[in-house]
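Down below is the structure, laid out as structure tokens.
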Amino acid sequence: AGITFPEKTKLKFMDKVPAVPKVRREPRQLRDIRGPSREATDFIQGQYGILALGGGYLHWGHFEMIRLTIGRSMDPKTMFAVWRVSAPSKPVTRKSLGHRMGGGKGPVDRYVTAVKSGRLVGEVGGRCEFGEVKPFLTQVAGKLPFPAVPVSRDSLRQMRREEEEKRLNNQNPWTFERVAAANMLGMRKYLSPYDLRLKGRYWGKFFLKHRV
Amino acid sequence: GPGAGPERCPSAPLSAGWLPALQFVRRGSKAVTRHWKAMHFQRQKLMAVTEYLAPRPAVPPRCLPRRKETLEEDNGYARLLQRQVEEVFRDNRMIAVCQYNSMPGEDVVLMRHYLRKHDIEVKFVLNEIVRDVLSQSKYKNLLPLFVARNILLVSREAKAKEMLRVLKGVPQINLLGACIHDTILSRQGVENFAKLPSLEAAQGQTVGALALLPSQTSSLLQRGSAHLTALLDQHIRRLQAGETGSPAEPPPAQSTEAH
């Protein structure tokens with residue numbers, strides 16, 4: 001019902017290295033892994049997708065795996081798939097094996113994309129049911145470097161609603177954000193300033209689903 | 001660069017968003033790590049305190065009427081096993097229920113071999129299935145026996161003596177009870193049953209006891225004539241003893257021909 005198929009139904013090939021490779025080596029900046037995602041959190045074209053429940057880096061190997069698995073398991077005539085992450089653009093360096101510390105920063109090893117928790121990695125749509133799509137999406141989700149689940153528009157809405165309900169009907173009068181914001185018992189000595197925003201649901205790159 | 005110990009920040013007016021007076025500069029691993037970074041104990045305590053507490057329902061679930069969950073376990077496998085157990089109960093004359101403690105495999109095989117020689121089969125049964133079958137059949141009193149691991153020793157003839165002998169040699173199997181010829185016996189009952197003589201011997205005994213009277217009647221009837229014969233024989237012997245030397249053939253021949 002009113003589904004517009006894109007031109008190419010299969011997933012686009014992603015380059016290993018961007019067209020203009022970066023010469024300047026970038027600092028690590030792990031804050032692009034930490035915390036909730038601000039982009040690609042909702043569906044655009046498709047009906048089903050893979051939701052990341054943790055932060056991590058996706059490199060070209062992951063992209064190929066996703067592209068080939070989904071391309072192999074879906075029917076290009078009735079279904080289409082769309083990327084929701086950009087091609088790898090962040091250079092990650094690695095020192096050659098067996099060398100001591102020092103001697104400068106290592107050369108660029110590979111390019112990655114940063115994914116935060118709550119972001120959709122890819123979307124699938126078309127004339128298909130969730131049951132058809134779920135098997136290969138779970139297969140793909142298991143192979144990603146962060147925990148991921150296949151979702152549909154409904155299931156994502158359900159998840160958000162449940163989270164909201166949990167937050168509202170929590171019987172515990174003490175919540176992390178309350179304690180952190182009011183600095184009760186001097187807790188901010190042991191918390192990071194980011195914890196005011198992360199509210200105890202995130203720790204490093206991990207997303208704690210059962211909190212709050 | 002990173003400095004060790006607390007740093008005092010310059011005095012800022014309290015109204016314009018104050019920073020904490022003491023800021024510990026952390027060293028060690030970064031905030032985002034591949035492994036699960038160990039939390040400070042105070043933070044662990046905070047996480048434990050601020051966990052989600054589910055709202056309690058107004059009526060506790062144990063006060064609500066319990067819906068009988070119909071187990072969908074009535075799949076074909078369970079039905080097949082039930083049919084097998086019913087067949088076992090129908091076909092065999094003797095069924096003994098024993099407790100089974102784990103035995104080494106070779107001992108199990110040996111025991112099965114000995115019992116098979118006497119036509120006794122060993123069956124491992126699942127309690128749930130047997131309980132279902134028994135509650136519907138007439139063997140309701142066997143129900144309390146089927147708790148924990150059991151085996152059934154079934155046979156067509158009731159060879160209790162051999163079974164007991166074999167089971168005595170195996171300490172890990174304890175006889176709990178038996179159903180022999182549709183009578184439920186306890187352990188004592190089985191032992192008594194084993195002590196009974198075999199069927200042929202019992203039959204022979206009853207036949208002998210019954211035939212005792214008819215055999216006595218014939219001797220009763222013949223008692224008069226036998227008595228007379230004995231008396232005459234005695235008389236002849238006395239006469240012979242009196243007439244030493246004279247031929248005693250004609251009188252005994254005459255007396256015997258008279259009968």
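Lettering follows sequence order; numbering is per chain, from 1. Computed over heavy atoms, backbone and side chain alike; hydrogens, waters and symmetry mates excluded. Predicted model, so just to flag it, every value in this text is computed and none were measured.
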Please look at A/R31 and chain B and tell me whether the side chain, the backbone, both or neither of the residue comes under 4.5 angstrom of a heavy atom of that chain.
neither

Assess the side chains of A/Y57 and A/D32: does a donor N or O sit below 3.5 Å from an acceptor N or O?
yes

Scan side-chain atoms only and decide if B/R149 and B/S102 contain a donor-acceptor pair under the 3.5 Å cut-off.
no

Residue pair B/Q99 / B/N174, side-chain donor-acceptor N/O under 3.5 Å
yes

Proximal component of A/Y194, with respect to chain B [non-hydrogen, under 4.5 Å]:
neither

Are the ring centres of A/F63 and A/F13 closer than 6.0 Å?
no

In terms of heavy-atom pairs under 4.5 Å with chain A, the winner among B/Q42, B/H40, B/K30 is B/Q42

Engaged part of B/A54 at the chain A interface, taking heavy atoms whose separation is under 4.5 Å
backbone

What part of A/I33 lies closer than 4.5 angstrom to a heavy atom of chain B: side chain, backbone, both or neither?
side chain

With a 4.5 angstrom heavy-atom cut-off, could you sort out which part of A/V179 is near chain B: side chain, backbone, both or neither?
side chain

Within the 3.5 Å criterion, strictly below it, is a donor on B/Q82 or B/E86 matched to an acceptor on the partner's side chain?
no

Heavy-atom cut-off 4.5 Å, strictly under: side chain, backbone, both or neither for A/F176 against chain B?
both

When heavy-atom pairs shorter than 4.5 Å are enumerated against chain B, which of A/K166, A/E177, A/H210, A/R34 gives the highest number?
A/K166

Under 4.5 Å, counting heavy-atom pairs only, tell me which of A/Y202, A/F206, A/W174 racks up the most with chain B.
A/F206

Compute both the distance and the angle, then confirm whether A/K16 meets the cation-pi test with A/Y111: under 6.0 Å from the six-membered ring centre, within 45 degrees of the axis.
no

Whether A/H99 side chain and A/S96 backbone form a donor-acceptor pair below 3.5 Å:
no

Under 3.5 Å, is there a donor on one side chain and an acceptor on the other for A/D195 and A/S192?
no

Identify which part of A/L208 has an atom lying under 4.5 Å from any heavy atom of chain B, answering side chain, backbone, both or neither.
side chain

So what's closer than 4.5 Å to chain A heavy atoms on B/K45: side chain, backbone, both or neither?
neither

